[in-house]
Every structure is written in C-alpha cells, then in structure tokens.
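First the structure, in the form of structure tokens, and then the observations on it.
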Amino acid sequence: MFINITDNKEAANKGSSAGLVNYLEKENRIDHKQEPECWFNGQRIRIEPYEVMRSIDGNVAKLGKDDAKFFLVNISPSQKEIRFLKEQFGDQGSIEQMKGFAVRVMDAYARNFNRNGVNGNEDLLWFAKLENYRYYSHNDPEVKQGLKQRGERKEGEQMHVQVIVSRKDITNKIKLSPMNTSRGKNEAHSKKMGQFDRVAFKQIGESLFDSLFGFDRQLKDTMAYANIQKNGEISQREQLGVLVEGASQNYESRSVANELAQGVADGLFTTTGEMLSAAGNTAAGFLEVMLEPMYMGGANIVAESEIEEKRKRKRKSRGRNISR
C-alpha cells in the first residue's frame, strides 16, 4: 500500500484547482465511457467536476496568494492487494471497496491533525476520483530508453484513488497542512497548523487495509520492512533478519513479526533481546525459532549440523507426544 501527499510541485496548488480536476478527468476523456467515473466523498457518490472545482476554490478564506489551497492524496494499493480485492469482491465490487477504503483513509487523515473539531472525513472538504490505469511519463526509465512511449498505459493492475483535499476544513475556518512536520515539537506552530505525522499516516493506511479486508500481509511487503532496508542502522537490520526467519513459521508468528517490525523501524529496541522480550509469550513457536543460536559478530558460532540435530530431536519428541 502506497499513500503519498503531494504539495505544490505536481499539484500546482497555490491557485485554482481547475487544472488538476481537468487532469484527473483524463480517463473519462480517453476511454469515451458511456457511464463516466464520477467524483465522490464520504457523503455523495456522484459529484460533477465543476462542483469539485467550485467547492475547493471557494474554500480559501484568509489564505494568501502564496499559500497552498489544497493537497493531493494518492492512495495506491499494490498489484498483490488489488488482485486480492478482485478475488474477494469481483471487478466491480473491488471498485466499490476501494472507494469505501478511501473514506476510511480520509478519516485517518483528519484525526492525524490532533485538532479539536477535526475528527473525521466529514470535517474536511475533499473529493476523490478512482482511476483504473497509470500512464508512462517522460520521467519513466522505459520512456527514456525508448522502450515505451509517453502516454502509453502501464501494465498490470493499476487501480488507485486520487483525493483533492482543501487546505481549510469544511467550515472554512481551520487551516490544516499535512506538510507541517513539527509533530508537536513546536507547540505554537502545531496549535495553529495542526501537527501531522506523515509516516504514521502512511502506516495507518496499510494497517487499515489489512484489518478491513483480512489481508494476510507478508513481512517483506510491509512499509516497516522497506523503511528498515532503505534507512535502517545495522542493529535494526539485524533485528529485522531475526524477524524474517521467525515470520516464515506460521500465521501467528508472522503477525507478531509484523508488529515488532514497526517497533524496529521506529527505533524502539536497542538489542534483539529487548525486541524479543516485547513479544511476551504470545507466540511460543515464534520465540523458539528466534532464540536459536545465530551468528553475531564476535560471538561463538554454533555449527549448522548441531542446530539441525536439535531440530530433529524436537520433531521426534513431538511425534511421540502425538502418537500417545
């Protein structure tokens, strides 16, 4: 699950929303649909483009000419997640489910500001558009190498939702900027703008998808795993390696590993032992695997044959217990 918030570079958000609204109508123009894909939000499912532009452009009280007037939220499930939705709900059902999911994501967006009076999607002014395709641009490597043409459709499942959300709340009184990175460190600034943790917001999107649809996410498909691989310190990568081994055992151990991986990404554990103690006794099989001897720099190395022999003894012991 990829969720991103675009500021002014692509969204050109310091003026009218007309350009962005027109751009997001591209599939209706290209495909010449008899039944166009309409805009929607948490209250309505058929909203015309002119209503979107008029509402966003009229909700700018006390914003200067250089202030952002709106932001673009991109909600993009992976191809694996899209295939899962289609298997569960069918082609049309998956579209409806994605729209409902977008409403829940905007609930999370609102709550992330930690502002009184901004508690859910109904407190925001926002409009969303579901798109089924993505297109190659001049920045894509395939276009630069001459393998694809600009404007050509990308392969695979590409369903996603684009959301235009106003800088001001639904009452046109409260300024809300997801680009505020103070996270409460600057109390005065946070009170004025609303603190917003973009990393937490992206993580919530992934967790929401899993809980709403019962998606069995593999550890290597989590945002925490990607963050540790890209930005983690050596100790964090070592902890992640332990979790990867344990996650391969069963669903319960995988669930525990996914939760611990988020703690590892947040830097909550200084050692692997501290990480394991946080798991408690919720997954005995997982911890059993985790606590087996493994190589650590400067530590004693236990031969693989010895480890395998221990595993064989455990399996024989379990077999005798079952036969009884």
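Residues Tyr133 and Tyr136 do not share a hydrophobic cluster, defined by chaining ILVMFWY side chains whose heavy atoms lie under 4.5 Å apart. Taking hydrophobic clusters as Ile, Leu, Val, Met, Phe, Trp and Tyr residues chained together by side-chain heavy-atom distances below 4.5 Å, Ile5 shares a cluster with Leu208. No continuous path of ILVMFWY side-chain contacts below 4.5 Å connects Trp126 to Val60, so the two sit in separate hydrophobic clusters.
No more than 12 heavy atoms of other residues, nucleotides or ligands lie within 6.0 Å of CD in Gln149, so this atom counts as exposed by the packing criterion. In this structure, Glu233 places its CD atom where only 12 or fewer heavy-atom neighbours from other residues, nucleotides or ligands lie under 6.0 Å away.
Ion pairing between a basic and an acidic side chain is recognised when a charged N comes within 4.0 Å of a carboxylate O; Glu142 and Arg150 show no such pairing. Between Lys62 and Asp67 there is no salt bridge, since no side-chain nitrogen of the basic residue lies less than 4.0 Å from a carboxylate oxygen of the acidic one. Under the 4.0 Å criterion applied to side-chain N and carboxylate O atoms, Arg153 and Glu27 are not assigned as salt-bridge partners.
Side-chain contact, Glu25 with Trp39: a donor N or O sits under 3.5 Å from an acceptor N or O. In this structure, a donor-acceptor pair under 3.5 Å is absent between the side chains of Asn74 and Asn4.
The minimum heavy-atom distance linking Arg217 with Asn258 is given by the pair O-ND2, 3.0 Å. Across Met53 and Ser16, no two heavy atoms sit closer than the pair CG-OG, 4.3 Å. When every heavy atom of Ile3 is checked against every heavy atom of Gly205, the shortest pair comes out as CD1-CA, 3.6 Å. Taking all atoms of both residues into account, the shortest heavy-atom contact from Ala61 to Asn172 is N-OD1, 3.1 Å. The two residues Asp57 and Ser17 have their closest heavy-atom pair at OD1-N, 2.9 Å.
Considering Asn13, Ile164, Leu63 as possible partners of Lys69, the one that fulfils the side-chain contact (heavy atoms from CB on, under 4.5 Å) test is Leu63. Among Lys26, Lys129, Lys99, the single residue meeting the salt bridge (Lys or Arg N to Asp or Glu O under 4.0 Å) criterion with Glu37 is Lys99.
A distance-only check finds no donor-acceptor pair linking the side chain of Glu259 to the backbone of Val256 [under 3.5 Å]. Distance alone, capped at 3.5 Å, is enough to place a donor-acceptor pair between the Asn112 side chain and the Asp197 backbone. Proximity of a side-chain donor or acceptor of Asp123 to a complementary backbone N or O of Gly120 within less than 3.5 Å is detected. With hydrogens and angles ignored, the 3.5 Å screen pairs a side-chain donor or acceptor of Thr222 with a backbone N or O of Leu219. Side chain of Asn59 to main chain of Asp169: a donor-acceptor pair is present (N/O by atom type, distance under 3.5 Å, no hydrogens or angles).
Looking at heavy atoms from C-beta onward, Ser235 lies out of side-chain contact with Phe269 at the 4.5 angstrom threshold. Taking the side chain as every heavy atom from C-beta outward, Lys86 and Glu157 approach each other to under 4.5 Å. Counting heavy atoms from C-beta outward, Phe101 and Met1 have side chains that approach closer than 4.5 Å.
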**Message:** Test ring-ring contact (aromatic ring centres under 6.0 Å, His included) on Phe213 and Phe84; report intermediate values, then the result.
**Reply:** CA-CA 9 Å; Phe213 302 119; Phe84 173 82; 7.4 Å; no
**Prompt:** Under the ring-ring contact (aromatic ring centres under 6.0 Å, His included) criterion, do Phe40 and Phe127 qualify, and how do the steps go?
**Reply:** CA-CA 6 Å; Phe40 67 93; Phe127 303 92; 9.9 Å; no
**Message:** Go through it in stages, so that I can follow the logic: the residues are Glu51 and Arg46, the test is salt bridge (charged side-chain N to carboxylate O under 4.0 Å, His left out), and I'd like the CA-CA distance, side-chain angles, deciding distance and then a yes or no.
**Reply:** CA-CA 10 Å; Glu51 293 183 73; Arg46 298 183 65 86; over 6 Å; no
**Request:** Evaluate the criterion side-chain hydrogen bond (donor to acceptor under 3.5 Å, both in side chains) for residue pair Asp221 and Gln218; output intermediate values, then yes/no.
**Result:** CA-CA 5 Å; Asp221 293 331; Gln218 304 297 306; over 6 Å; no
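The CG atom of Leu243 lies 11.5 Å from the CD atom of Gln236; values are rounded to the nearest 0.5 Å. The distance from the OG atom of Ser76 to the CE atom of Met98 is 7.5 Å, given to the nearest 0.5 Å. From Leu85, atom CG reaches atom CD of Gln88 across 8.0 Å, with rounding to the nearest 0.5 Å. How far CZ of Arg237 is from OH of Tyr225: 10.5 Å, rounded to the nearest 0.5 Å. To the nearest 0.5 Å, atom CE of residue Met106 and atom CG of residue Asn41 are 10.0 Å apart. Rounding to the nearest 0.5 angstrom, the gap separating the CD atom in Glu238 from the OG1 atom in Thr272 is 6.5 Å.
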